[in-house]
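Note that the structure is a prediction, hence the values are computed from the model and not measured. Residue numbering restarts at 1 for every chain, and letters A, B, ... go by the order of the sequence lines.
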Amino acid sequence: MKYLRQALIIAAITFAAEIVKYLLPLPIPVSIYGLAMLFFLLKSGLLALEQVQDVGNLLLELMPLLLVPASVSFITALDTVQAMLLPVLIMGLLGTLLVMAVTGLAAQWVIRRRKGDRAHE
Amino acid sequence: MNEWFSAFFAQSGWFGLVLSLATFFLARTVNQRSGKERINPLLFATVVCALVLLLGDIDYEVYYQGAQYLDVLLTPATICLAIPLYRQYTLLKKNAVAVIAGCGAGVAAHMAGCVLMLVLFRMEASEFITLLPKSITTAIGKSLSEELGGYGAITMATIMLTGIFGAVIAPAFLKLLKITDPLAQGLAIGTSAHAAGTSRAVEIGEIQGAASSLAIVVTGLLTVIAAPILARLAG
C-alpha cells in the first residue's frame, strides 16, 4: 500500500506538471516544472518526505538505466551529425571538460573564501 | 530467415526493454563482481544497444517499442531530484553565491567555447545555434535549438554525448583538478553534464546529487536567457 500511494503521488505530480506545461508553454520541460512543484510541496510541508521518498529514491537509483533509450536515439542522427562531426566532438568532449572545470573551480573558490572569512571573525 | 526476423521485430513489444535491461545489468554485474566501477553501465548499455541495432539493421522505432517503458519513467525520475534538493536545502541556501557564481561561470565558459568554434570553423549561424544548448537537459535543449533555428537532432546527439562523457569522466577529472568540495563537485557535474551527469552525482553522494540537481535548473535557466541573445549576434 505504501508504495502504491507513493507511486500515485509521484504520478499525480507528473500529471499536474503536464497540465501546467500545457497552460504555460514556456521553454521549460515538464520534468523541470514537476521538480519545482515537488520541491515547493515538500518545502511548504503540504507533502512529507515519507510520502514520496521510497519510490522517489528507487526512481533516482534507476535514472542511469532510464536514460538508455534516449541515449541510444543518437543512432537516428548519425547521418545528419556527420555534417558537423568535428565541432560536435570538440564541444561534446573538450567543451564538457571546460565547463566542468570552470564551474567546479569557481564554486570551490567562493566556498573556500567564505569559509576563510568566517574563520577570521 | 531475414524476412522472418524483420516480421518478428516489427511487432515485438519486449525486445527493446530486454536489450536495455540486459546490457545495463551485465555492466552492473561486472562492476559488482570486480568490486569497483570498471565500466559505466549507461555508456556500456548505450554502445551495445546501438551496435545491436546497427549490425542487426533494426530500426530505432522497433527498439523503442520496448524501450519506451523506461523512457516514460525518466520524467518522474527527474522530478524526484527535488528530494535530495529539499534535503540539502539549508546547505544550498547558505551557499547561494557559490551556486550562482559556479553555474554562471560555467555557462559563460560554454558560450565562449561556442563562439570560439564559430570563429575557428567559420560556422553558419544555424550550426552555431545547434551547439548552444548542449549542456542542458535534452527536453529543453532540443526545443530551444529548433526554436532559434538550429538542428534539433544534432543538438540532441551532442547533449547525449556530453551527458554520458561527463558522467563517465567526472570522478577522475574532478580529482585531477583537486575539486574536493562536495558542493562544488555537484555543481560542476550538473552544469556540464545535465541529468545524465546528475544520475552519476547522486551515486557519488547526497550533497553532490542535490547540488547537481540544482545546477540543472540554474544552468537551464541561464542558457534559455543567454542563447537567444548570442543566436541573434551570430545571425
J.: What part of A/L41 gets closer than 4.5 Å to chain B, counting heavy atoms only: side chain, backbone, both or neither?
T.: neither
J.: Listed by residue number, which members of residues 5-22 of chain A have a heavy atom under 4.5 Å from any heavy atom of chain B?
T.: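 So far as heavy atoms go, A/I10, A/I13, A/T14 are the residues that approach chain B to under 4.5 Å.
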J.: Less than 6.0 angstrom separating the ring centers of B/Y86 and B/Y89, yes or no?
T.: no
J.: Output the option from B/T155, B/L21, B/L85, B/L70 having the highest count of non-hydrogen pairs under 4.5 Å with chain A.
T.: B/L70
J.: If we ignore hydrogens and angles and just use 3.5 Å, is the side chain of A/Q108 paired with the main-chain N or O of B/K178 as donor and acceptor?
T.: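 Judged by distance alone, yes, a pair lies under 3.5 Å.
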J.: Let me know if B/A195 has heavy atoms under 4.5 Å from chain A in its side chain, its backbone, both or neither.
T.: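 For B/A195, heavy atoms of backbone and side chain both lie under 4.5 Å from chain A.
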J.: Less than 4.5 Å to any heavy atom of chain A: does that hold for the side chain of B/Q185, its backbone, both, or neither?
T.: neither
J.: Using modelled atom types and a 3.5 Å cut-off, is there a donor and acceptor pairing between side-chain atoms of B/N95 and backbone atoms of B/A98?
T.: no
J.: So for B/Y69, is it side chain, backbone, both, or neither that comes closer than 4.5 Å to the heavy atoms of chain A?
T.: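 When you check distances to chain A, no heavy atom of B/Y69 falls under 4.5 Å.
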J.: Which atom names give the shortest non-hydrogen contact between B/A77 and A/L66, and what distance separates them?
T.: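 The answer is CB-CD1, 3.7 Å.
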J.: Has B/D59 got a side-chain atom pairing as donor or acceptor with B/V62's backbone, closer than 3.5 angstrom?
T.: no
J.: Write down the atom of B/C103, the atom of B/V218, and the distance for their closest heavy-atom approach.
T.: CB-CG1, 3.7 Å
J.: Mind listing the closest non-hydrogen atom pair of B/T223 and B/L132 along with its distance?
T.: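 Answer, listing the atom of B/T223 first, then B/L132: CG2-O, 4.1 Å.
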J.: Under 4.5 Å heavy-atom distance to chain A, tell me which part of B/I164 shows up: side chain, backbone, both or neither.
T.: side chain
J.: How long is the span from the CZ atom in A/R113 to the CH2 atom in A/W109, to the nearest 0.5 Å?
T.: 4.0 Å
J.: Which atoms of A/L105 are under 4.5 Å from chain B, going by heavy atoms: the side chain, the backbone, both sets, or neither?
T.: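 Backbone plus side chain of A/L105, per the 4.5 Å heavy-atom cut-off to chain B.
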J.: Please answer whether the main-chain N or O of A/S73 pairs with a side-chain N or O of A/T76 as donor and acceptor at a distance below 3.5 Å.
T.: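 Judged by distance alone, yes, a pair lies under 3.5 Å.
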J.: Assert yes or no for the condition that the ring centre distance of B/F24 to B/F44 is strictly below 6.0 Å.
T.: no
J.: Side chain, backbone, both or neither: which part of A/V52 has an atom under 4.5 Å from a heavy atom of chain B?
T.: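 Both parts, heavy atoms under 4.5 Å.
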J.: Could you check whether any side-chain N or O of B/S212 sits under 3.5 Å from a backbone N or O of B/G190, counting only pairs where one atom can act as donor and the other as acceptor?
T.: yes
J.: Out of the candidates B/V52, B/D71, B/T46, only one should pair with A/V72 under the side-chain contact (heavy atoms from CB on, under 4.5 Å) rule; please name it.
T.: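 Of all the options given, the one that passes is B/T46.
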J.: Does any heavy atom of chain B fall under 4.5 Å from the side chain of A/L89, the backbone, both, or neither of them?
T.: both
J.: Chain A heavy atoms under 4.5 Å from B/L131: which part of the residue, side chain, backbone, both or neither?
T.: side chain
J.: Side chain, backbone, both or neither: which part of A/L93 has a non-hydrogen atom closer than 4.5 Å to chain B?
T.: both
J.: Which region of B/L53, side chain (C-beta onward) or backbone (N, CA, C, O), has a non-hydrogen atom less than 4.5 Å from a non-hydrogen atom of chain A, or is it both or neither?
T.: side chain
J.: Go through the atoms of B/A170 and report whether side chain, backbone, both or neither lie under 4.5 Å from a heavy atom of chain A.
T.: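 It is both, since atoms from each part get that close.
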J.: For B/L174, which atoms come within 4.5 Å of any heavy atom of chain A: side chain, backbone, both, or neither?
T.: side chain
J.: Checking heavy atoms, do the side chain of B/T130, its backbone, both or neither come under 4.5 Å from chain A?
T.: side chain
J.: Give, as side chain, backbone, both or neither, the part of B/P76 having an atom under 4.5 angstrom from any heavy atom of chain A.
T.: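 Both the backbone and the side chain of B/P76 come within 4.5 Å of chain A.
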J.: For A/A77 and B/A157, work out which heavy atoms get closest and say how close.
T.: CB-CB, 4.3 Å
J.: For the atom pair CD (B/Q208) and CG (B/D181), what is the distance rounded to the nearest 0.5 Å?
T.: 8.5 Å
J.: Which of the residues A/G56, A/G34, A/P69, A/G95 is involved in the greatest number of heavy-atom pairs with chain B at under 4.5 angstrom?
T.: A/P69
J.: For B/A109 and A/V102, work out which heavy atoms get closest and say how close.
T.: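 Closest approach of B/A109 to A/V102, heavy atoms only: CB-CG2, 3.8 Å.
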J.: Please look at B/E203 and chain A and tell me whether the side chain, the backbone, both or neither of the residue comes under 4.5 angstrom of a heavy atom of that chain.
T.: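 The side chain, not the backbone.
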J.: What part of A/L67 gets within 4.5 angstrom of chain B, counting heavy atoms only: side chain, backbone, both, or neither?
T.: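 Both backbone and side chain of A/L67 come within 4.5 Å of chain B.
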J.: Does any backbone or side-chain atom of A/M84 lie under 4.5 Å from a heavy atom of chain B? Answer side chain, backbone, both or neither.
T.: side chain
J.: To the nearest 0.5 Å, what is the distance between CD1 (B/I179) and CD1 (B/I189)?
T.: 9.5 Å
J.: Highest number of heavy-atom pairs under 4.5 Å with chain B: which of A/L35, A/L26, A/I32?
T.: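 Option with the greatest count: A/L35.
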J.: Where on B/V224 is there a heavy atom nearer than 4.5 Å to chain A: the side chain, the backbone, both, or neither?
T.: side chain
J.: Relative to chain A, which segment of B/R200 carries a heavy atom at a distance below 4.5 Å: side chain, backbone, both, or neither?
T.: neither
J.: Name the region of B/L54, side chain, backbone, both or neither, that has any atom closer than 4.5 Å to a heavy atom of chain A.
T.: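 Contact with chain A is through the side chain of B/L54 alone.
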J.: What are the two closest heavy atoms between A/V99 and B/S135, and how far apart are they?
T.: CG2-OG, 4.4 Å
J.: Quick one, B/K134 with B/S145, criterion side-chain hydrogen bond (donor to acceptor under 3.5 Å, both in side chains). Give me CA distance, side-chain angles, the key distance, then yes/no.
T.: CA-CA 9 Å; B/K134 74 131 202 135; B/S145 168; over 6 Å; no
